[in-house]
Amino acid sequence: QVQLVDSGGGLVQPGGSLRLSCVASGDSLDYYAIGWFRQAPGKEREGISCASTRTTSTWYAEPVEDRFTITRDDDKNTVYLQMNDLKPEDTAIYYCAAVTSVSCPEIYFRDKERYDYWGQGTQVTVSS
């Protein structure tokens, strides 16, 4: 099974950027689609993006499309989430997650129940 470690969070001003990383070990990422989720205080964990193996397809939730970009370097067993034009409402703990499939769950990519393995989370705070 795969283990995931996510990192790269921090404090950033509105309009700023961050890049999150999700490093996998224990198995090749070639067997897993990877999603990014976030959970703000008092809210449900929500799916925001997913990339199939070799980034052959990607999915984005409406609040982040055009601002966030998911990429994969499967040779390095790493998935990235580039976040630009950050807003205070992006403040949350961000998690990467793996689904045991080469493809994202497509229209269900935001459903956390579809994912099998999770990182520990990294805090992103957007504030002036």
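Excluded from the calculations below are hydrogen atoms, water molecules and symmetry mates; all remaining heavy atoms, backbone and side chain alike, are included.
Of all the heavy atoms in N84 and S17, the pair that sits closest is OD1-OG, 2.9 Å. Among all heavy-atom pairs drawn from M83 and L20, the shortest one is CE-CG, 3.8 Å. Smallest separation of non-hydrogen atoms from R54 and D74: N-OD2, 3.0 Å. Of all heavy-atom pairs between T78 and S21, the closest is CG2-CB, 4.4 Å. Pairing each heavy atom of I93 with each of Q123, the nearest pair is CG1-OE1, 3.2 Å. Taking all atoms of both residues into account, the shortest heavy-atom contact from C96 to I34 is CB-CG2, 4.4 Å.
In this structure, the side chains of L18 and V124 come closer than 4.5 Å at one or more pairs of heavy atoms. Using a 4.5 Å heavy-atom cutoff, the side chains of V99 and Y117 are not in contact. Side-chain contact check for L81 versus R19: every heavy-atom pair is 4.5 Å or farther apart. In this structure the side chain of T71 never reaches within 4.5 angstrom of the side chain of Q82, judged on heavy atoms. Counting heavy atoms from C-beta on, the side chains of D90 and F68 come closer than 4.5 Å. Counting heavy atoms from C-beta outward, S103 and S57 have side chains that stay 4.5 Å or more apart. In this structure the side chain of L29 reaches within 4.5 angstrom of the side chain of V79, judged on heavy atoms. In this structure the side chain of S25 never reaches within 4.5 angstrom of the side chain of V2, judged on heavy atoms.
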Start with the C-alpha gap between E65 and R67, add the side-chain angles, then the distance that decides, and say whether side-chain contact (heavy atoms from CB on, under 4.5 Å) holds. CA-CA 5 Å; E65 63 181 350; R67 299 188 298 123; over 6 Å; no

What's the verdict on side-chain contact (heavy atoms from CB on, under 4.5 Å) for S52 and V102, showing C-alpha distance, side-chain angles and the deciding distance? CA-CA 6 Å; S52 60; V102 297; over 6 Å; no

Side chain to side chain donor-acceptor pair (under 3.5 Å) assessment of T122 paired with D6: CA-CA 6 Å; T122 184; D6 34 36; 5.9 Å; no

Between W36 and I70, does a side-chain contact (heavy atoms from CB on, under 4.5 Å) hold up when you go through it step by step? CA-CA 8 Å; W36 282 97; I70 187 170; 3.5 Å; yes

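Note on V64 and V126: same hydrophobic cluster, where clusters join Ile, Leu, Val, Met, Phe, Trp and Tyr whose side-chain heavy atoms are under 4.5 Å apart, directly or indirectly. Note on V12: it clusters hydrophobically with Y94, by side-chain heavy-atom contacts below 4.5 Å among ILVMFWY residues. Hydrophobic clustering (side-chain heavy atoms under 4.5 Å, transitive across Ile, Leu, Val, Met, Phe, Trp, Tyr) keeps Y95 apart from L86.
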Identify every side-chain donor-acceptor pair in residues 42-50 under 3.5 Å, counting partners at least two apart or on other chains, and give the distances.
from, atom 1, to, atom 2, distance (Å)
R45, NE, Q39, OE1, 3.3
R45, NH2, Q39, OE1, 3.4
E46, OE1, R110, NH2, 3.1
E46, OE2, R38, NE, 2.7
E46, OE2, R38, NH2, 3.3
S49, OG, W59, O, 3.0

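Among residues two or more places apart in sequence or in another chain, the ring pair (Phe, Tyr, Trp, His ring centres under 6.0 Å) test is passed with F37 by Y115, W118.
Remark: side-chain polar atoms of T56 are paired, donor with acceptor, to backbone N or O of T53 under 3.5 angstrom.
To the nearest 0.5 angstrom, Q13 atom CD is 13.0 Å from T125 atom OG1.
When only modelled atom types and interatomic distance are considered, D27 and Y32 share a side-chain donor-acceptor pair under 3.5 Å.
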